[in-house]
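The structure appears right after this line, and notes come after that.
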Amino acid sequence: MGVASDYTLFGEQLSSRFLLGTAGYSSPAVLQDAIAAAGAEILTMGIKRQAANVAASGDNQWWSLVRNTGRLILPNTAGCRTAREAVALAQMARELFETDWIKLEVIGDDFTLQPDSFELVEAAEQLVRLGFKVFPYCTDDIIAARRLVDVGCEVLMPWASPIGSGQGILHRPALLRMREAFPSLFLVIDAGIGAPSHAAEAMEMGYDAVLLNSAVAQAQHPAAMARAFRLAIEAGQIAHHAGVIPEQAFATPSTPVTGQPFLIHQAVG
């Protein structure tokens, strides 16, 4: 039994649950192949870092490639450390890409690259008032998540583990609690995903999508890894809707025969 994957996000009809980052690829051709293999319909792009690269080299090939894919662009405010800086960059991104979608990142710690919840909420509130569709990158802190929802965020993007760490889902109970607390909100696992199995687990938990970058960009064969993630995300979503059996601390026979004579008959036959 399959499951329909189509959904609507801020008025856009979509089917892929795989959001792909565009940074760190060895060449534009490798990035293009990865995008095709991922089947991703939403691509993220770090405006601050890409702008610095273009300013330094004068080469806008990366920008042109991403914009010409026909995919939806989700600009992000990676590298920002204050609400003021993030809001200013978001406004720049809206002009460049003609979109009011923004992935909001406001980092507060250089070691873990953990979001600064105070600055994040402040920036989110301002951007919502300015008409942006805000995708805030946050931790699994349920209190910070509620504050973001209270200021008007309709999407949350909690981390699985620190950015680029590849550690996968470290605090499963907290992420399950967030899913339970916001049953109708669009929730995306963002950051820390290292293997397709991590992405499948996120979808099995009932999350709506997965966003990743490094796990594909830094793979030995990015396009093949992108395909593996696409299949894992699809499998995880199907498994969630099919009903994953609960874990338990004791063994249960998978083929009980008491009161099931047809099993004996089948075995004999």
Heavy atoms of other groups near [X] [atom1], more than 12 under 6.0 Å:
| X | atom1 | answer |
| --- | --- | --- |
| Gln248 | CD | yes |
| Arg230 | CZ | yes |
| Phe118 | CZ | no |
| His171 | NE2 | no |

(Q) Strictly below 4.0 Å, N to O, side chains only: are Arg179 and Asp208 in salt-bridge contact? (A)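 Counted as a salt bridge, because a side-chain N and a carboxylate O are separated by less than 4.0 Å.
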
Q) Should the pair Arg177-Asp140 be classified as a salt bridge under the 4.0 Å nitrogen-to-oxygen rule? A) no

Do you know which two heavy atoms are closest between [X] and [Y], and how far apart they sit?
| X | Y | result |
| --- | --- | --- |
| Leu185 | Cys153 | CD1-O, 4.1 Å |
| Leu148 | Cys138 | CD1-CB, 4.0 Å |
| Arg71 | Ala36 | NH2-CA, 4.2 Å |
| Asp141 | Met178 | O-CE, 4.2 Å |
| Ile193 | Ala160 | CD1-CB, 4.1 Å |
| Phe182 | Ala145 | CE1-CB, 3.8 Å |

Report yes or no: does [X] contribute a side-chain atom to a donor-acceptor pair with the main-chain N or O of [Y] at less than 3.5 Å?
| X | Y | value |
| --- | --- | --- |
| Asn213 | Ala23 | yes |
| Glu119 | Thr82 | no |
| His240 | Gly236 | no |
| Thr44 | Leu74 | no |

Shared ILVMFWY cluster between [X] and [Y], side chains joined below 4.5 angstrom?
| X | Y | value |
| --- | --- | --- |
| Leu20 | Leu231 | no |
| Ile73 | Leu19 | no |
| Ile169 | Leu212 | yes |
| Val216 | Leu211 | no |
| Met157 | Ile189 | no |

Are side-chain heavy atoms of [X] and [Y] found at a separation under 4.5 Å?
| X | Y | result |
| --- | --- | --- |
| Gln126 | Phe132 | no |
| Val188 | Leu156 | no |
| Phe18 | Ile42 | no |
| Leu104 | Leu120 | yes |
| Asp190 | Pro158 | no |
| Leu72 | Leu14 | yes |
| Pro222 | Asp33 | no |
| Thr69 | Leu43 | yes |

Using a 3.5 Å cut-off and no angle test, enumerate the donor-acceptor pairs between side-chain atoms of residues 84-96 and protein atoms at least two apart in sequence or in another chain.
unit_1: Glu85; atom_1: OE1; unit_2: Arg81; atom_2: N; d: 3.1
unit_1: Glu85; atom_1: OE2; unit_2: Lys48; atom_2: NZ; d: 2.3
unit_1: Arg94; atom_1: NH1; unit_2: Leu130; atom_2: O; d: 3.1

Q) Could you go step by step and tell me if Thr77 and Ile47 meet the side chain to side chain contact (heavy atoms under 4.5 Å, CB included) rule? A) CA-CA 6 Å; Thr77 62; Ile47 302 303; over 6 Å; no

(Q) Please determine whether side chain to side chain contact (heavy atoms under 4.5 Å, CB included) holds for the pair Leu9 and Phe186, giving the CA-CA distance in whole Å, both sets of side-chain angles, and the decisive distance to 0.1 Å. (A) CA-CA 8 Å; Leu9 185 61; Phe186 196 83; 4.0 Å; yes

Q) Checking side chain to side chain contact (heavy atoms under 4.5 Å, CB included) for the pair Met45/Phe97: CA distance, chi angles, key distance, verdict? A) CA-CA 10 Å; Met45 190 169 210; Phe97 291 100; 3.7 Å; yes

Distance in Å, [X] [atom1] paired with [Y] [atom2], rounded so as to fall on 0.5 Å steps:
| X | Y | atom1 | atom2 | value |
| --- | --- | --- | --- | --- |
| Met203 | Glu234 | CE | CD | 9.5 Å |
| Glu122 | Ser117 | CD | OG | 13.0 Å |
| Asn68 | Gln32 | CG | CD | 9.0 Å |
| Gln167 | His198 | CD | NE2 | 9.0 Å |

Q.
Using the side-chain contact (heavy atoms from CB on, under 4.5 Å) criterion, which residues pair with Phe10? Sequence neighbours excluded.
A.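 Only Trp101, Lys133, Phe135, Glu154, Val155 meet the side-chain contact (heavy atoms from CB on, under 4.5 Å) criterion with Phe10.
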
Q. Does the side chain of Gln13 come under 3.5 Å of the side chain of Thr8 through a donor N or O and an acceptor N or O?
A. yes

Q. So Ile102 and Leu127, side chain to side chain contact (heavy atoms under 4.5 Å, CB included) or not? Walk me through it.
A. CA-CA 9 Å; Ile102 192 74; Leu127 289 172; 4.2 Å; yes

Q.
Can you tell me how the ring of Tyr137 sits relative to the ring of Trp159, calling it parallel under 30°, perpendicular over 60° and tilted otherwise?
A.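 Perpendicular: the ring planes of Tyr137 and Trp159 meet at over 60°.
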
Q: Step by step, work out the side-chain hydrogen bond (donor to acceptor under 3.5 Å, both in side chains) result for Glu41 and Ser16.
A: CA-CA 6 Å; Glu41 296 169 308; Ser16 174; 4.8 Å; no

